[in-house]
Amino acid sequence: MENDRFGRLLAILLITGIAGIGMYWLPDEWMGFPIKKVDFLSDIRVKTEAPSPDTLIREPEKCDTLLTVDTVLEPGFDPDPDPDPDPVEALLPDSVYRQVAEASGMDSLPVRIEDFTFGHKGLSRFFAALNRIEIMDRPVRIAFWGDSFIEGDILVADFRARMQAYFGGRGVGFVPVSSGVEQYRPTISQYSKGWKGHSILSSRKNKYAIPGLLFEPEASEATITFKTVDAYPGLEQVSSLKFIYSRNEEAEMRLIWNDAQDTMIRVLPPSETVTQCEINGLFTNGRLRFRNAAGLQALGIALEDNDGVVVDNYSLRGNSGIALGLLDENSCLALREIRPYDLIVLQYGLNVATEKVHEYGWYREQFTEVIQHVQQCFPEADILLLGVSDRSHYHDGAFRTMPSVIALSKAQRQAAEQAQVTFWDVFRAMGGEGSMVRYVKSRWASKDYTHLSFRGGREIATALFDALILEKNLYDTMIETYD
């Protein structure tokens with residue numbers, strides 16, 4: 001009996017030891033919440049002290065690609081061996097912006113957009129479209145691509161409301177067939193039944209356009225139900241409903257809308273690429289019912305007007321942005337034919353920033369290629385890259401800015417420079433180091449010290465809108481001067 005008990009004790013100790021070692025290898029976070037690791041050797045382990053945010057701000061840039069991890073770039077280093085002889089600074093002098101801001105009636109300068117294109121033309125096509133908005137035969141379209149930071153229309157809802165109030169337009173724009181946060185999205189009420197979803201993050205067998213999601217009916221019938229809301233101006237009623245799909249054989253679509261007062265049946269044209277079926281009217285609620293749906297592959301619906309400004313939210317939780325390099329170019333070009341974008345905003349980074357990594361040259365190089373791929377997929381769209389937001393971790397008895405945020409933001413700025421697009425520093429717009437702590441105290445962010453609340457999203461949306469208007473007014477001034 002004593003031998004049996006000793007054997008059981010050894011088994012318990014062995015299981016406990018294995019469990020303890022396993023807990024040390026837990027991920028840094030789970031569902032957005034930080035996880036504290038269990039380390040039995042913490043008292044004797046020599047810790048590598050993470051650099052402070054101040055150090056990362058002041059230190060020279062590091063190139064930490066997979067081949068040259070420790071190479072330090074000297075000040076003035078230019079990766080382009082044959083640079084343009086007359087490069088344009090990313091930021092024009094403060095005096096220029098102050099004059100434009102005063103003429104625009106702005107009380108103060110917002111955090112400005114950095115333009116890394118030659119001739120300061122990074123947003124010229126977008127601004128030109130806004131200036132022609134009254135005579136265009138389509139709306140000016142903005143696509144917001146991002147991760148969980150903007151899902152549920154956080155930030156985007158307020159940005160859309162500001163843009164539509166200023167330039168006109170109605171509607172929430174694109175809505176995927178189904179979403180994990182649809183019950184929390186205040187800009188549209190939707191419900192779908194009978195669909196199976198595929199994501200570019202988990203299934204690579206499909207040809208994805210943005211948003212990197214595809215939906216197929218689980219049986220021969222499936223439905224999409226929607227109802228507009230009045231939580232934000234301009235959302236309560238729209239004049240155009242578009243069903244966007246990428247493959248079809250013989251599906252029939254029945255639309256019942258406005259409390260069953262109106263009904264329409266359409267046989268969807270067969271297709272092997274992204275296309276749409278548009279119905280015009282006045283829409284506040286409706287149900288799309290699909291029959292003979294085998295072979296149908298859908299992206300979602302769009303609720304909007306065909307003038308003014310449309311802002312589409314293409315958020316995908318868990319996306320680092322690198323997966324955008326897997327978008328099928330032909331599918332994106334087909335989407336561009338039916339939904340041409342004038343501006344694409346890229347918001348990524350939260351799924352890359354971790355406590356253990358402080359050098360992001362590898363991300364810079366990969367994301368530069370991603371931006372170039374996006375430019376190939378949507379060649380007429382201007383690109384605005386948003387830097388990562390502030391994120392805090394618990395260190396030395398208090399929540400402080402995670403040092404990796406500073407390093408990652410630098411890498412993103414460098415990616416914008418290498419790809420020659422525009423960049424906006426969200427970290428600075430929030431207030432810089434320690435701003436997430438202030439956001440949490442003000443209830444502008446959740447207590448995971450990572451994600452915004454809708455109130456915090458409004459703050460950043462307002463700052464982004466002001467930065468765009470300032471840049472547009474500068475563009476208009478330059479146009480008038482040269483004319």
Stepwise side chain to side chain contact (heavy atoms under 4.5 Å, CB included) check, Leu386 with Leu346:
CA-CA 6 Å; Leu386 303 190; Leu346 302 176; over 6 Å; no

Asp147 side chain to Leu316 backbone, donor-acceptor under 3.5 Å
no

First locate atom NZ of Lys205, then atom CD1 of Ile200, and finally report the distance between them rounded to the nearest 0.5 Å.
14.5 Å

Test of understanding: with ring pair (Phe, Tyr, Trp, His ring centres under 6.0 Å), list the residues that count as partners of Phe126, not counting sequence neighbours.
none

With sequence neighbours left out, the residues meeting side-chain contact (heavy atoms from CB on, under 4.5 Å) with Ile338 are Ile244, Val274, Gln276, Leu335

Does Lys242 come within less than 4.0 Å of Glu304, counting only side-chain N to carboxylate O?
yes

State which residue, out of Val100, Val96, Asp94, fulfils the side chain to side chain contact (heavy atoms under 4.5 Å, CB included) condition with Arg98.
Asp94

Sub-3.5 Å donor-acceptor pair from the side chain of Ser148 to the main-chain atoms of Arg317, do we have one?
no

Which residues share a ring pair (Phe, Tyr, Trp, His ring centres under 6.0 Å) with Tyr449, sequence neighbours left out:
Phe399

Looking only at non-hydrogen atoms, find the nearest pair between Tyr314 and Pro211 and report the distance.
CD2-CB, 3.3 Å

Asn351 versus Ser320, side-chain donor and acceptor atoms under 3.5 Å
no

Kindly check if the number of other-residue, nucleotide or ligand heavy atoms within 6.0 Å of CD (Gln183) is above 12?
yes

So does Trp444 get a backbone contact from the side chain of Ser442, meaning a donor-acceptor N/O pair under 3.5 Å?
no

Would you name the heavy atoms of Tyr208 and Ser203 that are closest together and state the gap between them?
OH-O, 2.7 Å

What I'd like to find out is whether the side chain of Ile460 reaches to under 4.5 Å of the side chain of Leu452, using heavy atoms alone.
yes

One thing to verify: whether Lys410 and Asp425 come together as a salt bridge, which I'm taking to mean a side-chain N less than 4.0 angstrom from a carboxylate O.
no

Out of curiosity, Tyr191 OH to Ser178 OG, how far, rounded to the nearest 0.5 Å?
9.5 Å

Pairing of Glu459 and Arg455 as salt bridge, 4.0 angstrom limit
yes

Salt bridge check, Asp328 against Lys207: does any charged N sit closer than 4.0 Å to a carboxylate O?
no

Side-chain donor/acceptor of Arg458 to backbone N/O of Phe454, under 3.5 Å
no

Could you check if a side-chain atom of Tyr360 sits within less than 4.5 angstrom of a side-chain atom of Ser404, using non-hydrogen atoms only?
yes

CG-OH distance between Asp115 and Tyr475, expressed to the nearest 0.5 angstrom
12.0 Å

Give a yes or no on whether the backbone of Arg138 and the side-chain of Asn306 come within a donor-acceptor separation of less than 3.5 Å.
no

Going through the distances and angles, do Arg364 and Gln418 end up as a side-chain hydrogen bond (donor to acceptor under 3.5 Å, both in side chains)?
CA-CA 9 Å; Arg364 177 190 65 234; Gln418 289 181 205; 3.2 Å; yes

What are the two closest non-hydrogen atoms of Leu201 and Ala323, and how far apart are they?
CD2-CB, 3.7 Å

Does Ile469 reach the side chain of Met106, with side-chain heavy atoms less than 4.5 Å apart?
yes

Verdict with supporting geometry, Tyr348 and Phe149, side chain to side chain contact (heavy atoms under 4.5 Å, CB included)
CA-CA 8 Å; Tyr348 296 100; Phe149 193 68; over 6 Å; no

Under 4.5 Å between any side-chain heavy atoms of Thr422 and Phe116, yes or no?
no

Under 4.0 Å between a side-chain nitrogen and a carboxylate oxygen: does that hold for Asp158 and Arg162?
no

Where the side chain of Ser435 meets the backbone of Glu433, is there a donor-acceptor pair that is under 3.5 Å apart?
no

Does Tyr363 offer a backbone N or O that forms a donor-acceptor pair with the side chain of Gln412 under 3.5 Å?
no

To the closest 0.5 Å, what do you measure between CD (Gln347) and CG (Leu155)?
7.5 Å

Distance from Met436 atom CE to Ser392 atom OG, nearest 0.5 Å?
6.5 Å

If only side-chain N and O atoms count, and only distance matters, is there a donor-acceptor pair under 3.5 Å linking Glu151 with His451?
no

Side chain to side chain contact (heavy atoms under 4.5 Å, CB included) between Leu464 and Val426, intermediate numbers included
CA-CA 9 Å; Leu464 175 58; Val426 176; over 6 Å; no

State, with a plain yes or no, whether a side-chain heavy atom of Val309 is found less than 4.5 Å away from one of Ile133.
yes

Is the closest side-chain heavy-atom distance between Ser240 and Asp305 below 4.5 Å?
no

Result for side chain to side chain contact (heavy atoms under 4.5 Å, CB included) between Phe226 and one of Leu303, Val175, Val172 points to Leu303

Has His373 got a side-chain atom pairing as donor or acceptor with Leu326's backbone, closer than 3.5 angstrom?
no

Where do Val156 and Phe144 come nearest, in terms of heavy atoms and distance?
CG2-CG, 3.8 Å

Hey, does Val140 have a side-chain heavy atom less than 4.5 Å from the side chain of Arg132?
no

Rounded to the nearest 0.5 Å, how far does OG1 of Thr450 lie from NZ of Lys447?
14.5 Å

Show the nearest heavy-atom pair for residues Asn206 and Leu214, with the distance to one decimal.
CB-CD1, 3.5 Å

Quick one: does Asp312's side chain have a donor or acceptor within less than 3.5 Å of a partner on Ala143's backbone?
no

Assess whether a salt bridge exists between Asp153 and Arg160, defined as any Lys/Arg side-chain N lying under 4.0 Å from an Asp/Glu carboxylate O.
yes

Tested for salt bridge (charged side-chain N to carboxylate O under 4.0 Å, His left out) against Glu380, the lone hit among Arg339, Arg125, Arg336 is Arg336

Is the NZ or CZ atom of Arg112 positioned over Tyr97's six-membered ring, under 6.0 angstrom from the centre and within 45° of the axis?
yes

Glu182 (side chain) donor-acceptor with Ser179 (main chain) under 3.5 angstrom
yes

Under a 3.5 Å cutoff, is there a donor and acceptor pairing between the side chains of Gln237 and Thr228?
no

Could you go through Phe215 and Ser246, starting from their C-alpha distance and side-chain angles, then the distance that decides it, and tell me whether this counts as side chain to side chain contact (heavy atoms under 4.5 Å, CB included)?
CA-CA 10 Å; Phe215 300 88; Ser246 59; over 6 Å; no

Distance alone, cut at 3.5 Å: any donor-acceptor contact between the side chains of Asp382 and Tyr341?
no

Is there a side-chain contact between Val421 and Thr117 in this structure, where contact means two heavy atoms from C-beta onward sitting under 4.5 Å apart?
no

Give the minimum heavy-atom separation between Gly152 and Pro186, together with the two atoms involved.
O-CD, 3.4 Å

